Amino acid sequence: MRFREFRTWAISGFTAALAVALAACSAPPPPPKAVAPAPSIPQRPYPPMGASPNYVSPRLGPDGRHVTINTGISPNQVTWNIRSAFNVAALNCLQPQHVQILDGYKNLLTTHKKKLWDVNLKVDAEFRSKFGSRFVAPREAYMTQVYNYFAFPPTLMNFCDAVQTMSLESMTVKSADLDAFAARHLPALEAVFEDFFDKYDRYKLEKAAWDAQYGSLYPPQPATSTSQLILPPAQTPVAAPTSSVAKP
């Protein structure tokens, strides 16, 4: 083989080897290893019905229901508290669908004026028997709780619906039947609040479970609320309080 032919052959071989090496260098890199997706974290539970995250629901009684300001009160106090519920609704239930509440409240005060006066005197006497001559201050404190209880913002719309139903029936009630009417409708109003208490208790359990499972992975955002009004702490109801507000 002549030197020129050998050189040509060598150069050709070197070029081919270089092409193979370059081709190997330009090969695509291996695909990256699959990364496991981040765990899906559900939203942290929020208080029901716009309630405050700091709200404390009343304690449960022996019957499994929450002890409220309307628990264990006298029949006369039941009637007076129904009057108070009417009062709260007349001031706060201003939606078109609740327009008859004000008429029902006015009718209650005029048609049953004498009966309500008698009820007020009786609950005064009951309250005086428990607290003596200084009964006015605890009576007023109790009635403040009653009004705040019925006006609780998260339950207000459902409360208004219940009072609207009560108002329609109240238009035909006779004074002799007013106590029975009140005893029948106070549990219906209480059901509105009991439903909220149950939902709030369930929310607290669900929030605690969420914090236990996801709290270390994803710090929870503070819950927002449209209401900061807190019901008074649950307490043993007094035997027979009354009110000095607008005697009938």
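Predicted model only: the values in this text are computed from it and were never measured. These values consider heavy atoms only, across backbone and side chains, with no hydrogens, waters or symmetry-generated copies.
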Worksheet item: Does the distance from a Lys or Arg side-chain N to an Asp or Glu carboxylate O, for E190 and R65, drop under 4.0 Å?
Response: no

Worksheet item: Do M157 and F159 share a hydrophobic cluster (ILVMFWY, side-chain heavy atoms under 4.5 Å, transitive)?
Response: no

Worksheet entry | Test ring pair (Phe, Tyr, Trp, His ring centres under 6.0 Å) applied to F86 - qualifying residues, sequence neighbours left out | none

Item to complete: Quick one: pull up NZ in K174 and OG1 in T111 and give me the separation to the nearest 0.5 Å.
Response: 12.5 Å

Worksheet, complete the sentence: With sequence neighbours left out, the residues meeting side chain to side chain contact (heavy atoms under 4.5 Å, CB included) with N76 are S74, V119, K122, V123, E126

Discussion item. Minimum heavy-atom separation for N70 and Y149, please, with both atom names.
Written reply: ND2-CE2, 3.5 Å

Fill in: Salt-bridge present (D195, K199; N to O < 4.0 Å)
yes

Worksheet item: Would you say I101 and V99 are hydrophobically clustered, going by side-chain heavy atoms of ILVMFWY under 4.5 Å?
Response: no

Worksheet item: Any idea which heavy atoms bring K204 and S57 closest together, and the distance?
Response: NZ-OG, 3.8 Å

Discussion item. Can you confirm whether I82 sits close enough to M166 that some side-chain heavy atom of one is under 4.5 Å from a side-chain heavy atom of the other?
Written reply: yes

Worksheet entry | Contact summary for L116 and T79, nearest pair of heavy atoms | CD2-CG2, 4.5 Å

Worksheet item: So do R139 and D124 actually touch side chain to side chain, heavy atoms under 4.5 Å?
Response: yes

Fill in: Interatomic spacing from CG in L189 to CG in N158 - rounded to 0.5 Å
11.5 Å

Response to the item:
Separation between CG (L102) and CG (L91), nearest 0.5 Å, reads 9.0 Å

Worksheet item: Sequence neighbours excluded, which residues qualify as salt bridge (charged side-chain N to carboxylate O under 4.0 Å, His left out) partners of R202?
Response: none

Practice prompt. Ignoring hydrogens and angles, tell me if any N or O in the side chain of Y200 forms a donor-acceptor pair with the backbone of P53 under 3.5 Å.
Written response: yes

Discussion item. If I compare all heavy atoms of P42 with all of W210, which pair ends up nearest, and what's the gap?
Written reply: O-NE1, 2.8 Å

Worksheet item: Can you name the side chain to side chain donor-acceptor pair (under 3.5 Å) partners of K207, sequence neighbours left out?
Response: none

Worksheet, complete the sentence: Contacts of F181 meeting ring pair (Phe, Tyr, Trp, His ring centres under 6.0 Å) (sequence neighbours excluded), chain-then-number -> H185

Practice prompt. Any chance you could measure N87, atom CG, to R83, atom CZ, to the nearest 0.5 Å?
Written response: 6.0 Å

Worksheet item: What distance separates N92 CG from H98 NE2, expressed to the nearest 0.5 Å?
Response: 11.5 Å

Discussion item. Could you check whether any side-chain N or O of T110 sits under 3.5 Å from a backbone N or O of K106, counting only pairs where one atom can act as donor and the other as acceptor?
Written reply: yes

Fill in: Heavy-atom pair with the smallest gap, counting every atom of L156 and A151
CD1-CA, 4.5 Å

Item to complete: Taking all non-hydrogen atoms of both residues into account, name the closest pair between Y203 and P47 and its distance.
Response: CE1-N, 3.4 Å

Discussion item. Could you check whether any side-chain N or O of Y214 sits under 3.5 Å from a backbone N or O of R44, counting only pairs where one atom can act as donor and the other as acceptor?
Written reply: no

Discussion item. Contact between V163 and V88 at the side-chain level, heavy atoms closer than 4.5 Å - yes or no?
Written reply: no

Discussion item. Does either side chain, that of Q164 or that of Q100, offer a donor lying less than 3.5 Å from an acceptor on the other one?
Written reply: yes

Worksheet item: Is a donor on one side and an acceptor on the other found under 3.5 Å between the side chain of S170 and the backbone of S167?
Response: yes

Practice prompt. Determine the sole option in Y55, F193, Y147 for which the ring-ring contact (aromatic ring centres under 6.0 Å, His included) test with F152 is passed.
Written response: Y55

Practice prompt. Go through the structure and list residues passing ring pair (Phe, Tyr, Trp, His ring centres under 6.0 Å) with H66, not counting sequence neighbours.
Written response: F197

Worksheet item: In Å and rounded to the nearest 0.5 Å, what is the CG to CD1 distance from N81 to I69?
Response: 8.0 Å

Item to complete: Would you confirm whether W117, through its side chain, and H112, through its main-chain N or O, come within 3.5 Å as a donor-acceptor pair?
Response: no

